[in-house]
Amino acid sequence: IAVNAFARHAPADGVVDSAYLETLHADSRAFIDAANASGTTRARLAGLRAFGDAFHLRPGLELRSDGDLTVRGELDFSGWRYGPGADASRRGSGEPGVLVLRAGGNLVINGSLSDGFAPPPDTPDDFGWSRRPDGQGRMMVVADMLAPGMRSWSMRLVGGADLASADTRTVTAASLLGARGDVLLDDPHISSTQSGPEDAISLVRTGTGYLDVLAVRDYRQASRFGVY
């Protein structure tokens, strides 16, 4: 039994990156801590709390844009956990959240979204991103899984979202969007192999959470991605 308290945000520039999410993570942590300490909130949830460990109070983030929404760089959710079970020395411990990305136009992933795995180690291939100003990124594909029993964020990615709908799965009619409404995964970079350089893999993945991808028009992978 999970109760998710959602906060809705519209990035001013239509870009979602790790620095932006860090500020929202701090807000979510403060909210969940206050809710768990609030006698009023606990009283309102008493019927659900009676189920003991089966009950989970979690944050949710809905990030939206009337136009395009772009994820930039690697977003690692494995360290963003909440509630009394969160322990910084045990990565993945505590309650995860839910991420909903709703683009009224195209949703573009120029990076990776990952949970269920630890941060990756440094590799010689961390400088293979030709489109980034500094050429740097993280090879998320080489990360180890979190310890057994750790829960993960859920994610919903929507291109061509109907932002007037309370249902975050609802999309706008394709006839109203023209050439917009795609979900595009595009994060080219190179890794080194024994046979020479080859296109490397970026990721959209989670562990125990759900992963929804909805597009009015096309779901496209312009570079190599693992989605799971």
Side-chain angles (χ1 to χ4, degrees), residues 7-25 60-77 80 97-115 120 126-141 153-165 167-191 199-206 209-228:
R8 178 183 294 169
H9 302 273
D13 55 359
V15 173
V16 179
D17 59 16
S18 185
Y20 178 72
L21 283 182
E22 281 288 357
T23 64
L24 303 186
H25 163 59
L61 294 175
E62 179 187 330
L63 309 182
R64 53 162 56 194
S65 172
D66 292 333
D68 294 347
L69 190 63
T70 301
V71 171
R72 186 173 294 165
E74 288 72 51
L75 305 185
D76 179 5
F77 291 83
W80 294 338
V98 176
L99 174 71
V100 179
L101 301 178
R102 301 177 76 188
N106 298 321
L107 177 59
V108 182
I109 311 297
N110 296 146
S112 291
L113 296 89
S114 178
D115 200 4
D126 289 349
F127 301 90
W129 276 261
S130 59
R131 292 186 188 173
R132 299 185 184 181
D134 60 2
Q136 295 187 38
R138 302 298 304 277
M139 294 290 290
M140 305 300 290
V141 72
W153 279 66
S154 293
M155 303 177 188
R156 176 168 292 158
L157 316 181
V158 187
D162 180 357
L163 300 181
S165 175
D167 187 343
T168 59
R169 298 168 296 182
T170 304
V171 294
T172 302
S175 60
L176 300 177
L177 289 177
R180 302 186 305 152
D182 292 347
V183 173
L184 171 62
L185 278 54
D186 186 16
D187 185 39
H189 56 112
I190 300 297
S191 63
D199 293 338
I201 298 174
S202 299
L203 298 167
V204 175
R205 68 178 175 193
T206 189
Y210 62 77
L211 175 58
D212 295 340
V213 182
L214 303 97
V216 171
R217 289 179 5 108
D218 296 327
Y219 164 81
R220 296 186 288 132
Q221 292 184 195
S223 61
R224 295 183 68 189
F225 265 82
V227 182
Y228 53 93

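These numbers come from the heavy atoms of this one structure, side chains and all, not from hydrogens, waters or symmetry mates.
Applying the side-chain hydrogen bond (donor to acceptor under 3.5 Å, both in side chains) test to D66 and every residue at least two apart in sequence or in another chain returns nothing. With sequence neighbours left out, the salt bridge (Lys or Arg N to Asp or Glu O under 4.0 Å) criterion links E62 to R8, R64, R102. Every residue was checked against the side-chain hydrogen bond (donor to acceptor under 3.5 Å, both in side chains) condition with Q136, not counting sequence neighbours, and none meets it. With sequence neighbours left out, the side-chain contact (heavy atoms from CB on, under 4.5 Å) criterion links A215 to V183. Legend: residues meeting salt bridge (Lys or Arg N to Asp or Glu O under 4.0 Å) with D212, ordered by chain and number and at least two apart, are R156. Every residue was checked against the salt bridge (Lys or Arg N to Asp or Glu O under 4.0 Å) condition with D162, not counting sequence neighbours, and none meets it. By the side-chain contact (heavy atoms from CB on, under 4.5 Å) test, R220 is found to be paired with D182, L184, D218, residues two or more places apart in sequence or in another chain being considered. Y210 pairs by the side-chain hydrogen bond (donor to acceptor under 3.5 Å, both in side chains) definition with nothing, not counting sequence neighbours. Legend: residues meeting salt bridge (Lys or Arg N to Asp or Glu O under 4.0 Å) with D186, ordered by chain and number and at least two apart, are R131. Partners of W153 under the ring pair (Phe, Tyr, Trp, His ring centres under 6.0 Å) rule, at least two apart in sequence or in another chain, are F77.
With a 4.5 Å cut-off on side-chain heavy atoms, Q221 and V204 do not count as touching.
The side chain to side chain donor-acceptor pair (under 3.5 Å) analysis of residues 104-114, with sequence neighbours excluded, yields the pairs S114-R205.
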List the atom pairs, donor and acceptor, that lie under 3.5 Å between side-chain atoms in residues 10-18 and the rest of the protein, sequence neighbours left out.
residue	atom	partner	partner atom	Å
D13	OD1	V15	N	3.1
D17	OD1	A19	N	3.4
D17	OD1	Y20	N	2.9

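R180 places no side-chain N or O within 3.5 Å of a backbone atom of G160 that could act as its donor or acceptor partner.
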